[in-house]
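Before any comments, here is the structure.
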There are 2 protein chains.
Amino acid sequence: MTDRYPPRRFQRGSMATTVPDDQDDQPITLAGLHIDVLDGAFSWYIRSLDSVVSRDLDHRMAHLDIAKGKGKITTLLLVDDYPGVRPSQIAEVLMRDRPATGRIIDRLVQAGDIRRETAPEDQRAQALFITEKGHALADEVRGIIREQENEFFDFIAEEDRAQFMRMLKRAYLNMRKKLE
Amino acid sequence: MTDRYPPRRFQRGSMATTVPDDQDDQPITLAGLHIDVLDGAFSWYIRSLDSVVSRDLDHRMAHLDIAKGKGKITTLLLVDDYPGVRPSQIAEVLMRDRPATGRIIDRLVQAGDIRRETAPEDQRAQALFITEKGHALADEVRGIIREQENEFFDFIAEEDRAQFMRMLKRAYLNMRKKLE
DNA sequence: GGGCATTAGTTGTTTTTCACAATCATTTGG
DNA sequence: CCAAATGATTGTGAAAAACAACTAATGCCC
């Protein structure tokens, strides 16, 4: 039997920070439940944050035909940044299989945001290119992401954001590496 | 037209930290693409991290019948920690609608991990309770989560983890609040 | 160069997930 | 005592994810 009570308190960090602590050591209460008993699990926050962030992003992009897709935004930005990129490269970034990636590309092609060509040096492969319409969309999307970022980050002091982002980045790399 | 080149570099944070910087200012390269051009977007890291963390968790729990469900783990732990909790409370924590929550509960009941009773003070509502089997499972799950946490966090110094977690927590609360 | 494994991408299928509408029962408030 | 609100279930349809099977082109190795 595991001892679960009292709920674990978050201990203070050792880093100098401009983030005030006052609210952070109080338990989160949702629907009358102190969800801190979920072990303060990192994975829980990540999964919940993902859910909230995705919803918010969907909402902000509701007026664009790119909305509602998980990999579409990444694909669009990649094609915009890397003319001639291949579907298989995108699949690796998205961590999806090729069929899934292919269908994302289908929709972007159909929407007129990108176009396919056969890769000259390998006739099996495709080279993807952004269209004029797609490029405009990519810029708009970037703006929306930046907006979300600013609104979202408004509780973290400017000089701490980079640190936070760096941790996220390392977390991502570390986990990805461990999954081979 | 947005200036996209050269890719944005992450600036150094101002916080004292034991996290070494050396690797962090190098661009991430996947399939030959520097994904830093995705604007270093916070949302991208969160979504990708979620994907990796969820996969890893699924993998670690593959031998348990609770695997593969997004809300099942949270539900199980909540019921274990809050005897008599109601489905609607769980729905609020999960940010899912009641039908979805009800179906998660169905599966846990069917697996014999929790049981339903009618709430004595409100005959419309249910009170959920953990079973012996479910409690054992909950402890096992907690162990797995802790394991993942330790492995995952091995690149962050002990005293910095709390700070990272606190930021995630604030991020979550902040976004959730803004979605009303 | 012929044959075979590998890689790139597509198509199809099946299962799961999710959101929405409709329904029933109970409670609450006037 | 009636109407509105709340807690939960059922049903349905649409979107997403995982898997297998298939075509085509490339690379390797004899």
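Within every chain, numbering begins at 1; the chains are lettered A, B, ... in the order of the sequence lines, protein sequences first and strands thereafter.
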At under 4.0 Å, does any side-chain N or O of [X] touch on OP1 or OP2 of [N]?
{"X": "Ser88(B)", "N": "dA8(D)", "answer": "yes"}
{"X": "Thr101(A)", "N": "dG9(C)", "answer": "no"}
{"X": "Arg103(A)", "N": "dA18(D)", "answer": "no"}

Using a heavy-atom cut-off of 4.0 Å across all strands, would you classify Asp106(A) as base, sugar-phosphate, or nothing? nothing

Side chain of [X] only, please: which of [options] is the nearest?
{"X": "Ala125(B)", "options": "dG9(C), dG7(D), dT9(D)", "value": "dG7(D)"}
{"X": "Arg124(A)", "options": "dA8(D), dT27(C), dA25(D)", "value": "dA25(D)"}
{"X": "Arg96(B)", "options": "dC18(C), dA25(D), dG7(D)", "value": "dC18(C)"}
{"X": "Pro99(B)", "options": "dT26(D), dA21(C), dT27(C)", "value": "dA21(C)"}

Without decimals, in angstroms, what is the distance between [X] [atom1] and [N] [atom2]?
{"X": "Asp58(B)", "N": "dT17(C)", "atom1": "CG", "atom2": "P", "result": "10 Å"}
{"X": "Leu94(B)", "N": "dA19(C)", "atom1": "CG", "atom2": "C1'", "result": "15 Å"}
{"X": "Met95(B)", "N": "dC18(C)", "atom1": "CE", "atom2": "P", "result": "12 Å"}
{"X": "Asp122(B)", "N": "dT27(C)", "atom1": "CG", "atom2": "P", "result": "5 Å"}
{"X": "Ile104(B)", "N": "dA19(C)", "atom1": "CD1", "atom2": "P", "result": "11 Å"}
{"X": "Glu117(B)", "N": "dG7(D)", "atom1": "CD", "atom2": "P", "result": "19 Å"}
{"X": "Arg98(B)", "N": "dA21(C)", "atom1": "CZ", "atom2": "C1'", "result": "14 Å"}
{"X": "Ile105(B)", "N": "dA8(D)", "atom1": "CD1", "atom2": "P", "result": "8 Å"}

Has Arg60(B) got more than 12 heavy atoms of other residues, nucleotides or ligands less than 6.0 Å from its CZ? yes

Flag if over 12 foreign heavy atoms under 6.0 Å of CD, Glu121(A): yes

Pairwise 5' ranking along DNA chain D for Gln126(B) and Asp97(A), keeping only the more 5' one: Gln126(B)

Upstream residue (5' side of DNA chain D) when Arg107(A) and Glu121(A) are each assigned their closest nucleotide: Arg107(A)

Is Asp80(B) salt-bridged to Arg142(B), cutoff N-O under 4.0 Å? yes

Inspect the contact between Asp106(A) and Arg116(A) and indicate whether a charged nitrogen and a carboxylate oxygen are less than 4.0 angstrom apart. yes

Will you find, in the side chains of Arg166(A) and Gln163(A), an N or O donor that is under 3.5 Å from an N or O acceptor? yes

